[in-house]
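Report on the following structure.
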Amino acid sequence: MSTEEQTVSDNQLRQVRIEKLNTLREAGMDPFRANASQTHTSKEAISLYQDELPDEEQKTVSVAGRIVAFRVMGKATFLKLFDRDGKIQCYVRRDEIGEEEYARFKKLDLGDFIGVTGSLFRTKSEEITVRATSYVLVTKTLRPLPEKWHGLSDEDQIYRQRYLDLIVNEESRNRFALRSKIIQEIRKFLWQRDFMEVETPVLQSIPGGASARPFNTHMNALSCDFTLRIALELYLKRLLVGGVERVFELGRVFRNEGVSRRHNPEFTMLEVYQAYTDFRGMMELVKSLILHLCQEALGTTTVLRYDGTEIDLANGWSERRYKDLIIEATECPDWFELSKEEKLKKTTEMGIEVDPELEDFEVTNNVFEKRIEPTLIQPTFVTHLPRQLIPLAKLSPEDETTVEVFELCINGQEIAPAYSEQNDPLAQRKMFEEQAGEEIQKVDNDFLDALEHGMPPSGGMGIGIDRLVILLTGAANIRETILFPPIRPTEG
RNA sequence: GGGUCGUUAGCUCAAUCGGUAGAGCAGUUGACUUUUAAUCAAUUGGUUCGGGGUUCGAGUCCCCGACGGCCUACCA
């Protein structure tokens, strides 16, 4: 037992509870029982109450949970139990459970887990309550709960001790329940459309499908270095080659880059690939998917941003070309005829800082990321992006400087990119080699070999699940959607 | 990485110009058999994030460090 790091006061609170625990043991009781009876959850129990029946004929239930409120009023006590469905009030009277039991009962602490058996009734103030005929201590707690009214607000502690946040902050609890529901409904939606869910390697020797710095690790058995995957794309496309015509993976990817309100080094990605369709097919798919989530998980098609702005996910959709957006934002109709130097001059005039070493198309993309993306609050498909930005997509037949892709932007951030996937192995190889020339990046020859065996024409799409959850839950921050975000370890 | 703000009791927060570290909740003791942040009375609890400095005197001023928030940078 390590007590040395705790303060004196903390130890006192803890010591009192340890003494209570010892007293129970001496009386022959187990303060950490192996099981408890829970015939109904709080919500189920409350729904069983029947207004037309007198108290004597109401149902008997056994509920179990953590004590989150405890009001002793002499010979009777009201308490609130907290379980997975919510809270339920219980009423315990000395004359109903016995004098000796009641004396022990009064020594319970906030935070302890108990089971209560009794029948339902409605109190004077109309709250449906379990009138205890018996109770049992299930698990004794040694540490106090955070303050009952203000809860827990220290952000550091919320992340380090998320369990406390979940106990006392209902908003947080609901957000994670909704995240779970969203993921469940994504699977349902894709299963209904005959997609197969797969799992591909997290440990990869050549991280591909995106351009990001990877995390490095080492595999002893093969005695070689691996990286954690930065995208799912290249393995899922191998499956298209293998005849899996509809495939998706929902999994964690890792990028060894900055942390911000919108970025977390490990995040959850959905990638979907469908043969015999293109990016237009993906447009229909992603729109239907988001509407499905609205209906099945949210129960509404309008969501509120943390700042109160309304987003209309049913009727707000539009489609814009990348070039048109750039020309509008720069108020410069001949933007794409300008030299790089002229573009740099313009961006400086617009107050956008751009590294002059960047390529021409990157300067333009800075305008997109800094001046356009943040303004795309309502769902917008941005199409016809420059080919250099996306090496894994097919060229647009009508304008070969652009590719057949969209980036779906909602809430001022990119939610889902989708492509008509490049399946010309020679064009793909050329693109990779050009890239590898510029950056220190290895060409995934194994993937190119696969393409040479033939990949059917396909549409592919990716969704950053964490950002989708930010959108649908109105969270202010990506960390509000991640149960245990990375934090610096405390010393010792 | 840079800028900036912050760290006081288990939790939420005060503390005037540099002058005795406080409140509410939780805990402890007592009263109370329909309470709702129960109420009433009494009471315990502090390395003021750590280290150094200035000063008769530092939670408060200065320096260094740790941790965190926000902004920013990096990031297909």
Side-chain angles (χ1 to χ4, degrees), chain A residues 5-17 19-20 55 68-80 87 89-97 102 106-107 109-111 121-127 129 131 141-161 164-165 167-168 208-214 230-231 233 255-265 353 355 359 361-362 365-366 368-370 385-393 403 405 407 414 417 419 435 438-439 441 462 476-477 479 485 487-492:
Chain A
E5 280 166 33
Q6 289 155 19
T7 66
V8 175
S9 166
D10 193 10
N11 261 331
Q12 282 180 357
L13 291 168
R14 199 164 160 270
Q15 199 52 46
V16 169
R17 292 183 180 217
E19 277 160 22
K20 286 180 177 179
D55 280 0
V68 290
F70 199 69
R71 294 184 283 271
V72 183
M73 308 183 49
K75 299 178 188 68
T77 297
F78 286 91
L79 63 86
K80 279 248 161 92
K87 291 174 192 167
Q89 180 166 266
C90 300
Y91 178 55
V92 182
R93 291 166 60 112
R94 190 174 78 169
D95 57 9
E96 288 179 34
I97 67 163
Y102 191 73
K106 279 209 291 184
K107 297 280 182 195
D109 287 300
L110 282 175
F121 77 108
R122 207 186 266 279
T123 65
K124 253 188 208 164
S125 45
E126 305 267 286
E127 183 161 350
T129 300
R131 187 188 193 103
T141 54
L142 300 183
R143 305 278 188 112
L145 289 177
E147 208 254 3
K148 66 180 173 189
W149 188 238
H150 300 95
L152 187 64
S153 61
D154 182 299
E155 298 207 32
D156 187 31
Q157 207 178 345
I158 282 176
Y159 300 136
R160 285 184 202 278
Q161 294 180 281
L164 294 178
D165 175 49
I167 294 166
V168 299
S211 151
R213 256 189 304 168
I230 56 173
E233 182 149 356
R255 298 185 181 178
N256 207 344
E257 281 160 7
V259 178
S260 79
R261 222 171 53 189
R262 299 191 156 94
H263 298 82
N264 198 62
E353 271 182 55
D355 180 352
E359 299 283 326
F361 74 93
E362 292 174 307
N365 203 44
N366 257 282
F368 180 76
E369 285 178 357
K370 294 193 177 141
L385 274 70
R387 55 184 292 186
Q388 298 95 326
L389 278 177
I390 296 164
L392 291 156
V403 277
V405 306
E407 280 192 358
E414 185 191 330
Y419 319 153
Q435 262 207 328
E438 296 159 12
E439 300 161 39
Q441 201 171 335
N477 193 306
R479 277 187 292 183
I487 37 180
R488 216 177 290 273
T490 49
E491 288 189 31

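These numbers were taken from a predicted model, which means no experiment stands behind them. Just so it is clear: chains get the letters A, B, ... in the order the sequence lines come, proteins before strands, and each one is counted from 1.
Within 4.0 Å (heavy atoms only), A/Asp154 reaches sugar-phosphate atoms of the nucleic acid but no base atom. At a threshold of 4.0 angstrom between heavy atoms, the contacts of A/Pro417 with the nucleic acid are absent. A/Val68 comes within 4.0 angstrom of nothing in the nucleic acid, heavy atoms only. No engagement by A/Lys87 is indicated, since no non-hydrogen atom pair under 4.0 Å with the nucleic acid exists. No contact: A/Val168 has no heavy atom under 4.0 Å from any strand. In this structure, A/Arg261 reaches the sugar-phosphate backbone alone: every heavy-atom distance under 4.0 Å involves primed, P, OP1 or OP2 atoms, never a base. A/Arg122 comes within 4.0 angstrom of nothing in the nucleic acid, heavy atoms only.
The shortest side-chain heavy-atom distance between A/Val68 and A/Lys148 does not fall under the 4.5 Å cut-off.
Checked against A/Asn366 for a side-chain hydrogen bond (donor to acceptor under 3.5 Å, both in side chains), the options A/Glu362, A/Lys370, A/Glu369 give a single hit: A/Lys370.
The base of B/rU35 is paired with the side chain of A/Thr123 by a donor and an acceptor separated by under 3.5 Å. One donor-acceptor pair, N or O on each side, does fall under 3.5 Å between the base of B/rU35 and the side chain of A/Gln89. With hydrogens and angles left out, the side chain of A/Arg93 and the base of B/rU33 share a donor-acceptor pair within 3.5 Å.
Side-chain proximity of A/Leu110 to the nucleotides B/rU34, B/rC67, B/rG27 is greatest for B/rG27. The listed nucleotides are B/rU28, B/rG27, B/rU35; the one nearest the side chain of A/Lys20 is B/rU28. Set against B/rU33, B/rU12, B/rC70, the side chain of A/His150 has B/rU12 as its closest nucleotide. Which of B/rU33, B/rU34, B/rA37 sits closest to the side chain of A/Trp149 comes down to B/rA37. Considering only side-chain atoms of A/Lys75, the nucleotide from B/rU34, B/rC32, B/rA37 that sits closest is B/rC32. The side chain of A/Asp95 lies closest to B/rU33, out of B/rU33, B/rG69, B/rU35. Comparing atom distances between the A/Ala69 side chain and each of B/rA38, B/rG10, B/rU28 picks out B/rA38 as nearest. Picking from B/rU33, B/rU34, B/rG27 the nucleotide with the shortest atom distance to the side chain of A/Phe121 gives B/rU34. Among B/rC75, B/rU44, B/rU35, the nucleotide with an atom closest to any side-chain atom of A/Glu257 is B/rC75. Checking B/rA26, B/rG45, B/rC25 against the side-chain heavy atoms of A/Gln12 singles out B/rG45 as nearest.
Annotated as anti: B/rC67, whose O4'-C1'-N torsion sits more than 90° from 0.
The environment of A/Arg131 atom CZ is dense: over 12 non-hydrogen atoms of other residues, nucleotides or ligands sit within 6.0 angstrom. The number of heavy atoms from other shown groups lying within 6.0 Å of CZ (A/Arg255) is above 12.
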